[in-house]
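The structure appears below as structure tokens.
The chains referred to below are lettered A, B, ... by the order of the sequence lines, with proteins before strands, and numbering in each begins at 1.
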There are 2 protein chains.
Amino acid sequence: MAIASQEVSPARFSAQLRSNALQTRIMDLILERGLDVGDALPTESELSAELGVGRNTVRESLKVLQALGVIEIRHGFGMFVAPNNFSALVSGLTFRGRLSLRHKGEEAMELIDVRQALESGLIGPAINLLTDEHLADLRSTMEAMETAAKNGEPLHDHDAEFHRRLYAPLNNELLINLMDVFWQVYRKIHLALGTGPVNLEQQTQDHWDIFDAVANKDKALASERLQRHFDGIRLKLKDVAAA
Amino acid sequence: MAIASQEVSPARFSAQLRSNALQTRIMDLILERGLDVGDALPTESELSAELGVGRNTVRESLKVLQALGVIEIRHGFGMFVAPNNFSALVSGLTFRGRLSLRHKGEEAMELIDVRQALESGLIGPAINLLTDEHLADLRSTMEAMETAAKNGEPLHDHDAEFHRRLYAPLNNELLINLMDVFWQVYRKIHLALGTGPVNLEQQTQDHWDIFDAVANKDKALASERLQRHFDGIRLKLKDVAAA
DNA sequence: TTTCGGACATTGGACGTCCCATCTCCTGTA
DNA sequence: TACAGGAGATGGGACGTCCAATGTCCGAAA
């Protein structure tokens with residue numbers, strides 16, 4: 001053995017590294033060929049042949065790349081370079097959150113902490129770049145939320161939309177994606193635990209308060225109210241976890 | 001065979017959803033059995049039998065879960081619930097960053113923006129919780145960095161360590177992991193572009209400045225210096241990308 | 001008795017092949 | 001011209017087979 005089977009698999013590298021290397025090779029292939037978002041990748045068979053590995057092996061890597069949001073796989077059609085998409089993170093983070101909730105829920109709380117830091121820390125810069133259009137969008141979202149609250153409908157979609165639009169002025173897709181992920185994970189954990197009683201009016205009012213501060217371009221106040229908003233969320237989560 | 005697994009694949013759901021569902025089923029299985037970090041999962045064959053799907057299919061899902069940091073796969077030994085691990089994100093984000101750099105590098109810049117927001121926004125809370133031990137750790141890291149700089153050695157490890165320890169007082173693993181991911185992605189993009197000339201002394205001094213502000217518990221100053229630190233990084237990246 | 005090394009079982013890794021599911025596109029028909 | 005339906009391409013999935021890595025355990029040697 002160990003006849004130095006150079007080539008690709010020196011057996012010295014752990015299997016994990018090898019599988020990771022395959023993923024990297026595929027990503028490099030995309031970059032080398034100058035493929036851009038939306039462009040088609042070679043078919044599974046072609047990749048299998050070009051990379052010199054079996055189709056099943058390639059498929060495993062492709063699935064991973066899909067999970068990482070690198071490519072999009074469309075059954076019966078082909079594979080394409082995916083637009084930015086962090087939805088994959090959601091399931092992984094949700095799992096961790098639920099796992100931690102069985103103990104003391106530290107990780108779920110950590111998630112809130114990060115959201116809180118990101119949002120209350122970035123509201124200032126966002127307000128700096130806020131235009132009238134952005135504000136109008138925000139207001140219409142709030143009005144939709146209010147309507148929903150009056151009809152006793154769940155607010156989570158409007159809630160998510162509000163937070164998303166709050167930071168739209170920053171024009172930072174990565175940030176929006178991250179916040180979306182965190183939001184969804186929080187949502188899922190909350191759902192898995194069973195939602196406690198919700199006060200729709202209070203929730204709406206909280207958001208109106210934040211909106212007012214933003215509309216007045218009062219960065220400090222907006223930041224503080226966001227801070228409090230998350231404090232409330234944290235308490236609520238703690239209650240539910242305790243039950 | 002499919003006795004236990006009641007209608008899971010009515011062919012109505014797109015393949016993508018089905019594959020996602022398999023991952024979810026595995027995660028649910030972990031949660032239902034009360035497995036905790038470090039505990040062993042059933043073998044691939046067992047999972048294949050229990051879930052009523054082929055071993056290759058299970059493997060694809062397992063690889064994805066591994067990539068998401070949910071499980072750890074050890075060849076010849078078994079599979080285990082993994083400790084928190086975000087290394088998977090690195091490759092995906094790095095890919096996106098490199099892809100975007102071919103155009104105008106917006107996404108790489110967005111990454112810096114998020115790091116900047118997170119770090120300069122969280123330095124205040126971190127200082128609030130800072131203990132003498134933390135400060136001592138930070139100082140020793142800085143001294144190591146200075147030594148490295150004098151020897152002309154690369155600073156990136158010390159740099160990463162510094163930023164990590166800066167936020168250790170917050171005791172938020174998710175945050176540390178995220179910042180680590182961002183750091184590594186930045187690193188990889190930078191490496192892929194080829195590093196321009198580096199001024200080791202200047203870099204070290206920048207960090208000393210931040211350290212001094214933190215040691216004096218001057219939150220505003222620390223935040224401002226971090227802000228500037230990232231401004232510098234941003235400029236540097238822009239230079240390299242232009243070349 | 002202790003220690004070291006190798007055989008062995010277990011478990012994941014890789015591949016090939018076959019067939020199914022789904023999509024797009026094109027062709028033929030009304 | 002418009003729509004229905006089929007052909008072909010492509011990914012999805014399932015086995016079966018063999019390879020490789022790892023931990024365990026037992027026996028030989030010191």
Side-chain angles (χ1 to χ4, degrees), chain A residues 1-26 30 35 38-67 70-82, chain B residues 1-5 7-26 35 38-67 70-82:
Chain A
M1 51 99 102
I3 316 185
S5 61
Q6 50 272 76
E7 285 284 298
V8 254
S9 54
R12 212 124 218 37
F13 299 146
S14 84
Q16 178 148 176
L17 290 184
R18 285 212 302 160
S19 131
N20 210 295
L22 221 193
Q23 297 161 25
T24 304
R25 282 173 71 196
I26 296 175
I30 295 174
L35 300 182
D39 290 347
L41 272 71
T43 68
E44 290 185 348
S45 316
E46 284 170 345
L47 276 178
S48 161
E50 283 181 44
L51 301 177
V53 293
R55 186 176 159 228
N56 273 326
T57 313
V58 171
R59 270 172 60 76
E60 283 175 5
S61 286
L62 289 172
K63 279 295 191 72
V64 170
L65 291 183
Q66 181 192 35
V70 171
I71 65 175
E72 181 185 347
I73 302 180
R74 294 172 61 182
H75 192 173
F77 193 33
M79 300 179 295
F80 307 83
V81 180
Chain B
M1 0 261 46
I3 334 166
S5 60
E7 39 91 34
V8 249
S9 53
R12 198 157 268 326
F13 301 144
S14 85
Q16 179 148 173
L17 289 183
R18 284 213 301 161
S19 128
N20 211 295
L22 222 192
Q23 296 160 27
T24 304
R25 283 174 70 195
I26 296 176
L35 300 181
D39 290 345
L41 271 71
T43 68
E44 289 186 350
S45 315
E46 285 170 345
L47 276 178
S48 162
E50 282 183 44
L51 301 177
V53 293
R55 191 177 156 222
N56 270 327
T57 313
V58 172
R59 271 173 60 76
E60 283 174 5
S61 286
L62 289 172
K63 280 295 192 73
V64 170
L65 292 183
Q66 181 191 35
V70 170
I71 66 175
E72 182 185 347
I73 302 179
R74 294 172 61 183
H75 192 172
F77 194 33
M79 300 178 295
F80 307 84
V81 180

Rounding to an integer number of Å, can you tell me how far A/Phe77 CZ sits from C/dT22 C1'? 12 Å
Would you check if the side chain of B/Arg74 reaches a backbone N or O of B/Met79 as a donor-acceptor pair within less than 3.5 Å? no
Run the salt bridge (charged side-chain N to carboxylate O under 4.0 Å, His left out) test against A/Arg55 and tell me which residues pass, sequence neighbours left out. A/Glu44
Measure from CD on A/Glu60 to P on C/dG16 and round the result to the nearest Å. 14 Å
How close or far is atom P of D/dG13 from atom CZ of B/Arg25, stated in whole angstroms? 12 Å
Heavy atoms only: give me the nearest A/Leu47-A/Leu62 pair and the separation to one decimal. CD1-CD2, 3.9 Å
Taking 4.0 Å as the cut-off, does a side-chain nitrogen or oxygen of B/Thr43 come that near to OP1 or OP2 on C/dT11? no
Any base atoms under 4.0 Å from B/Arg74, or only sugar-phosphate, or nothing? Heavy atoms, all strands. sugar-phosphate
A/His75 on top of C/dA21's base, within under 5.5 Å and under 30°? yes
Quick one: does B/Glu46's side chain have a donor or acceptor within less than 3.5 Å of a partner on B/Thr43's backbone? yes
Taking for each residue the nucleotide of DNA chain D with the nearest heavy atom, is it A/Asn56 or A/Gly78 whose nucleotide lies nearer the 5' end? A/Gly78
Once hydrogens and angles are ignored, does a donor-acceptor distance under 3.5 Å link the base of C/dG13 to the side chain of B/Arg55? yes
Please report the distance, rounded to the nearest Å, between NZ in A/Lys63 and P in D/dG12. 6 Å
Would you kindly give the CG-to-P distance between B/Asn20 and D/dG12, to the nearest whole Å? 13 Å
From A/Asp39 atom CG to A/Ile30 atom CD1, the distance as rounded to the nearest 0.5 Å: 10.0 Å
Looking at A/Val53, is its backbone amide N or carbonyl O close enough to the side chain of A/Ser48 to form a donor-acceptor pair, meaning the two atoms are under 3.5 Å apart? yes
Would you tabulate the pairs of protein nitrogen or oxygen atoms and nucleotide nitrogen or oxygen atoms of nucleotides 3-6 of chain D closer than 3.5 angstrom?
none

Categorize A/Gly76 for me: base, sugar-phosphate, or nothing, with a 4.0 angstrom heavy-atom threshold over every strand shown. base
Whole-Å distance separating the CD atom of B/Glu44 from the C1' atom of D/dG13: 15 Å
Roughly, in whole Å, what's the span from CD in B/Glu46 to P in C/dT10? 12 Å
Minimum side-chain heavy-atom gap A/Ile26-A/Leu51 below 4.5 Å: yes
Starting from P on C/dT22, measure out to CE on A/Met79 and report it in whole angstrom. 19 Å
